[in-house]
Number of protein chains: 2
Amino acid sequence: MVRATTERSKEGYHHGNLRVALLASAREMLETQGVGALKLRAITRQVEVSPMAVAPHFGNLRGLLTALATQGFEELAHAIKTGKARSLKDAGLAYIYFAIRNPGLFTLMFRGDAIDRSDPAFAGAASDSFALLDTWAGTSGKAAGFAPQIAEAVMWGKVHGLAILAIDGLLTPLVQATDPHIDLEQFLEQALDYMNTATSG
Amino acid sequence: MVRATTERSKEGYHHGNLRVALLASAREMLETQGVGALKLRAITRQVEVSPMAVAPHFGNLRGLLTALATQGFEELAHAIKTGKARSLKDAGLAYIYFAIRNPGLFTLMFRGDAIDRSDPAFAGAASDSFALLDTWAGTSGKAAGFAPQIAEAVMWGKVHGLAILAIDGLLTPLVQATDPHIDLEQFLEQALDYMNTATSG
DNA sequence: CATTAGTCTTTACAATGTAAATATGACAGA
DNA sequence: TCTGTCATATTTACATTGTAAAGACTAATG
């Protein structure tokens, strides 16, 4: 339960910090119970506020989820920029690690039917993240006869695919079958190494 | 609107072919209006049947969607096997083309919160498809020092990522920026070529 | 102090999925 | 042909969802 810094003034109207409280509450439910648990009434119940209290801040549920996804893309861009993202592999790793450490949020960020992709703030944050990946892809060796957009799409597709498969648990059988055994993060790191060294993958 | 072969007997009870009619109706709505339109009452309304008519055949909505997703995996496996899937690239292309030609269905097949992954028929059909991809990945040149599961995950991740990005429309800006201009299917084919020839991508 | 604007609640409503009970008709055995 | 049996489909009822509309309350502004 997230509250305003000063206990909410007199327990009456005006929460004081409702916007961030709703986002924090929704995010907590998102990671602990999955995207399916993101019901308006469940979120507002946790903040002890009426369902329609979202209206002034987000309009409706879709607006709230869109704001949450926007926040996710901002964090993703930050993760790619900072850390040790000094190479193509590190940029890809940052993308994948963000996904598996925030699985619910990452899923929401790409759920076109749950959010409003035409929202300016969302669209901006999303394309900022994508542009960062494009930058890294552009620094890679370009093969002759291919449009630069191909290299960008491939770079993005590879990390995105691994991230989604990992989140959905579809990689677990493969990871468990490794001998000697390695964990998921090691598996993913080696997968990126493999892509950049092996010719046919 | 899908009906029994012989017009339904007397417009009374007993549709005669309800199971396949429901699946066909659901699939049509899925591709024309997206996964968000897959409401139980909307589906049964189109077949002119009461909402609870799904119970004898599928149990509930989740059961119906699971059966639909199962059908999808069966078709995917068929698409990979047949056609001109005689190489690693063709197997990957079959996967991607199936996805962009059945975007709604493909999305549903990976929506863990809308279907029942523990359903035996579904689990079987799904792992059949995955095993096919693994087979092709196994035939590719193995780089030294990597577990074979890494090669499988990378192969799968690449095609899956491109498929998802294409379905979500996130590749469209890149495709439109190509010069000379190529369409989406050409773009994806070249992307697969690029992955198998270029070293770092 | 009065007004105004923003925040939150209340009430009401249409729509969803499904449990429980009921009705229907196909079909097998006499 | 009658009779029982059983899967199939309907009906009714209910809890839950998101939100439009109208009202209550508070903070800020003049």
Side-chain angles (χ1 to χ4, degrees), chain A residues 1-26 29-30 33-68 108 111 113-116, chain B residues 1-26 29-30 33-68 108 111 113-116:
Chain A
M1 203 120 65
V2 183
R3 285 237 159 277
T5 48
T6 50
E7 269 299 310
R8 169 136 80 152
S9 52
K10 279 287 181 57
E11 290 293 330
Y13 275 55
H14 295 85
H15 179 111
N17 211 5
L18 188 52
R19 191 191 153 89
V20 305
L22 284 172
L23 284 174
S25 174
M29 305 186 60
L30 178 56
Q33 319 186 50
V35 293
L38 283 181
K39 317 272 187 196
L40 174 64
R41 291 176 121 102
I43 299 169
T44 54
R45 208 177 298 138
Q46 213 173 48
V47 189
E48 286 178 328
V49 119
S50 85
M52 293 306 287
V54 300
H57 305 280
F58 304 101
N60 51 20
L61 172 62
R62 170 167 297 246
L64 168 53
L65 299 189
T66 302
L68 190 52
L108 178 68
R111 277 252 166 130
D113 56 329
I115 62 180
D116 179 14
Chain B
M1 203 122 65
V2 182
R3 285 237 159 276
T5 48
T6 52
E7 269 298 311
R8 171 135 78 150
S9 52
K10 281 286 184 54
E11 289 293 331
Y13 275 53
H14 294 85
H15 178 112
N17 212 6
L18 188 51
R19 190 190 153 88
V20 305
L22 284 171
L23 284 173
S25 174
M29 304 185 61
L30 177 57
Q33 321 185 50
V35 293
L38 283 181
K39 316 271 186 196
L40 174 64
R41 290 175 121 103
I43 298 169
T44 54
R45 208 179 297 137
Q46 214 174 46
V47 190
E48 286 178 327
V49 117
S50 83
M52 293 306 287
V54 300
H57 304 281
F58 304 100
N60 51 21
L61 172 62
R62 171 169 295 246
L64 168 54
L65 300 188
T66 303
L68 191 53
L108 178 67
R111 278 253 166 132
D113 57 330
I115 63 181
D116 178 15

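Computed from a predicted model, the values in this text were never measured in an experiment. A, B, ... follow the sequence lines: proteins, then strands. Residue 1 opens every chain.
Going from atom CZ of B:R62 over to atom P of C:dT16 covers 18 Å, rounded to whole Å. In this structure, CE of A:M52 is placed 11 Å from P of D:dG18, rounded to the nearest angstrom. Rounded to whole Å, atom P of D:dG18 lies 15 Å from atom CZ of A:F58. C:dT7 atom C1' lies 14 Å from atom CG of A:N17, rounded to whole Å. Whole-Å rounding puts the B:E48 CD to D:dT10 P distance at 11 Å. In this structure, B:L22 places its CG atom 11 Å from C1' of D:dA9, rounding to the nearest Å. Taking atom CG on A:D116 and atom C1' on D:dG18, their separation rounds to 16 Å, with Å as the unit. The nearest whole Å value for the distance from the CG atom in B:L38 to the P atom in C:dG17 is 10 Å.
Taking 4.0 angstrom as the limit, A:R19 places none of its side-chain polar atoms (N or O) nearer than this to OP1 or OP2 of C:dG6. Between B:N60 and C:dG17 there is no side-chain N or O to OP1 or OP2 distance below 4.0 Å.
Residue B:R41 holds its CZ atom at 9.5 Å from OG of B:S50, rounded to the nearest 0.5 Å. Taking CD of B:Q33 as the reference point, atom NZ of B:K39 lies at 11.0 Å (rounded to 0.5 Å).
Residues B:R111 and A:R111 have side chains in contact (heavy-atom distance under 4.5 Å, counting atoms from C-beta outward). At least one side-chain heavy atom of B:L38 sits under 4.5 Å from a side-chain heavy atom of B:I43.
Nearest to the side-chain atoms of B:V49 among the listed nucleotides D:dT8, D:dT19, D:dT10 stands D:dT10. Nearest to the side-chain atoms of A:H57 among the listed nucleotides C:dT16, C:dT7, D:dT19 stands C:dT7. Closest approach to the B:S50 side chain among D:dA9, D:dT19, C:dT16 is made by D:dA9 (side chain taken as heavy atoms from C-beta onward). The side chain of B:K39 has C:dT16 as its nearest neighbour among C:dT16, C:dT10, C:dC8.
Between the side chain of B:T66 and the main chain of B:R62, a donor-acceptor pair closer than 3.5 Å is present.
When each of B:R41 and A:L18 is assigned the nucleotide of DNA chain C with its nearest heavy atom, A:L18 is the one assigned upstream, toward the 5' end.
When heavy atoms are screened at a 4.0 angstrom cut-off, A:L40 is found touching base atoms of the nucleic acid.
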